[in-house]
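Read through the structure below, which is laid out as structure tokens, and then see the notes.
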Amino acid sequence: MESKSAQKDGKLPVDKLHCVVVGVGVIGLSVANRLLPAGHRVAIVARDFPQPFEATDAKTQINYTSLWAGAHNIWVLPTSEQDLDGMRDHGFARATFAHMSDLLASYGTETGIAFTPGLEYLEDPVPEVYKDLTERRAARELGILDFRLLERRELPERVAWGCEYRSWCVNPMTIKMELRALDEVTALPDLDVDTVINCSGTGFGDPAVFPTRGQSVLVAEECTATITRQNSDGTWTFCVPRPCAGGTIIGGTKQPDDWSLDADPAVREQLLDAFSRTYPEMFADGKQPHALRDIVGRRPARKGGMRLEKEALNTGHRVIHAYGLGGRGYELSWGVANAVLYLVYS
């Protein structure tokens with residue numbers, strides 16, 4: 001969906017191209033929505049397409065990460081001005097934040113987007129970039145809206161540092177062909193392809209790509225904020241409200257190279273127990289949240305970070321790669337789409 005402010009963008013003086021976007025996750029859809037208003041012809045080739053949450057087979061579509069994602073914003077700070085990848089990604093996150101705000105203003109709650117407080121908790125050891133963060137720097141240099149450092153009395157037990165800021169979350173539930181190699185796209189019938197946009201998530205035979213399995217649980221209870229807690233043992237706890245009365249996602253796990261399809265009931269209990277220590281309000285008077293569904297998905301992680309670059313194929317066509325974002329697809333989606341549009345023109 002294109003925001004009305006984005007629709008007003010002027011078209012750059014370049015010949016119209018026929019672009020094929022491979023993959024229809026949040027990155028592929030965002031890229032297609034940037035190319036179309038610029039006047040390009042766009043076709044989408046994908047194995048999995050969006051469909052209602054209730055009608056989706058979780059095992060056959062475990063790799064369709066966008067359907068199972070937490071789908072919210074959390075600020076991952078660059079470690080320094082010399083951290084070029086971190087600075088780039090933060091810029092992508094800011095662009096996506098602005099786009100989500102524009103979408104909500106343009107189309108309202110039918111987008112499935114909601115803006116909420118974002119609470120972030122860190123146990124020791126707290127990284128230096130957070131220890132040194134001031135409210136002034138967060139607002140003026142990093143562009144984080146409504147940022148404030150939490151006082152000691154506001155922190156859960158064992159938490160050493162915390163902050164609050166304005167965040168967004170989205171309910172992706174409101175909204176077949178299988179390829180073996182990118183060369184096959186250029187040979188598709190009835191398509192005069194100029195450029196292939198590889199938003200496949202995992203690439204095609206890229207040895208740097210690996211799955212990071214995540215398990216979470218959807219509960220019926222509502223939460224008024226997105227909450228993220230980094231624990232001292234390397235695990236993390238989070239919750240993401242699902243707008244439009246969609247309940248709350250509670251997670252989560254990060255399991256590199258784990259290909260398991262099945263949700264583990266013991267992990268569900270661990271997630272709920274960990275979250276009870278972070279947000280006891282949902283467990284008041286001994287009440288347990290009503291679990292609606294266990295969720296298992298594979299985040300398309302990549303050693304060295306996302307691949308975002310151009311490549312020339314032996315066929316004479318060009319490919320723009322935009323994949324391997326791990327768990328940050330929604331968070332960086334519109335910024336990545338802007339970068340792809342720039343690469344199309346360059």
Side-chain angles (χ1 to χ4, degrees), residues 3 5 69-105 111 113-170 222-232 236-243 248-252 275 278-281 325-336 338:
S3 69
S5 63
H72 72 296
N73 176 70
I74 178 174
W75 295 110
V76 179
L77 304 184
T79 55
S80 69
E81 291 185 358
Q82 287 70 46
D83 177 12
L84 299 183
D85 287 346
M87 294 291 288
R88 176 201 63 186
D89 291 354
H90 186 70
F92 289 168
R94 291 184 64 179
T96 305
F97 187 101
H99 179 63
M100 293 295 179
S101 181
D102 286 347
L103 280 178
L104 185 61
T111 59
I113 298 169
F115 277 78
T116 72
L119 296 172
E120 194 164 343
Y121 301 131
L122 300 179
E123 294 186 9
D124 279 327
V126 178
E128 291 299 323
V129 66
Y130 291 94
K131 284 183 179 179
D132 297 338
L133 185 61
T134 64
E135 294 178 353
R136 179 185 177 90
R137 179 171 183 263
R140 297 197 177 188
E141 296 181 26
L142 299 174
I144 303 176
L145 299 182
D146 300 338
F147 179 90
R148 72 179 184 91
L149 295 170
L150 298 180
E151 300 178 8
R152 169 59 60 182
R153 60 179 177 81
E154 298 178 276
L155 300 178
E157 185 178 354
R158 295 182 57 189
V159 169
W161 183 94
C163 70
E164 179 180 359
Y165 47 72
R166 182 169 170 79
S167 183
W168 59 263
C169 53
V170 61
E222 301 289 333
C223 186
T224 59
T226 65
I227 301 173
T228 304
R229 176 172 175 168
Q230 302 285 343
N231 302 311
S232 58
W236 64 325
T237 301
F238 69 81
C239 85
V240 183
R242 281 285 189 244
T248 301
I249 299 290
I250 295 175
F275 189 61
T278 300
Y279 192 71
E281 293 90 334
L325 277 77
R328 301 191 70 191
Y330 279 91
E331 186 181 339
L332 306 184
S333 56
W334 203 247
V336 172
N338 287 337

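Just the heavy atoms: all of them, side chains too, but no hydrogens, waters or symmetry mates, feed the values below. Numbering starts at 1 and runs along the sequence shown.
Nearest approach of I113 to P243, heavy atoms of both residues: C-CG, 4.2 Å. Pairing each heavy atom of E123 with each of N231, the nearest pair is OE2-OD1, 3.2 Å. Across every non-hydrogen atom of L150 and L119, the tightest pair is CD1-CD2, 4.4 Å. Counting all heavy atoms, side chain and backbone alike, P156 lies closest to T278 at CG-O, 4.0 Å. Taking all atoms of both residues into account, the shortest heavy-atom contact from R242 to A69 is NH2-O, 2.7 Å.
Taking OG of S333 as the start and CZ of F92 as the end, the distance is 11.0 Å to the nearest 0.5 Å. Distance CZ/F275 to OG1/T248: 7.5 Å, rounded to 0.5 Å. For the atom pair OG1 (T226) and CH2 (W168), the distance works out to 10.0 Å, reported to the nearest 0.5 Å. Taking CD of E331 as the start and NE2 of H72 as the end, the distance is 7.5 Å to the nearest 0.5 Å.
Side chains of T224 and Y279 form a contact here, defined as non-hydrogen atoms less than 4.5 Å apart. A 4.5 Å side-chain heavy-atom check between R166 and F115 finds at least one atom pair inside the cut-off. By the 4.5 Å heavy-atom criterion applied to side chains, L149 and W161 are counted as neighbours. With a 4.5 Å cut-off on side-chain heavy atoms, L142 and L77 count as touching.
By the 30° and 60° cut-offs, the orientation of the rings of H99 relative to W334 is parallel. Under the 30°/60° scheme for interplanar angles, the aromatic rings of F147 and Y165 are found to lie parallel.
Within 6.0 Å of CD on E157 lie no more than 12 heavy atoms contributed by other residues, nucleotides or ligands.
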Test salt bridge (Lys or Arg N to Asp or Glu O under 4.0 Å) applied to R148 and E164, step by step: CA-CA 5 Å; R148 72 179 184 91; E164 179 180 359; 3.0 Å; yes

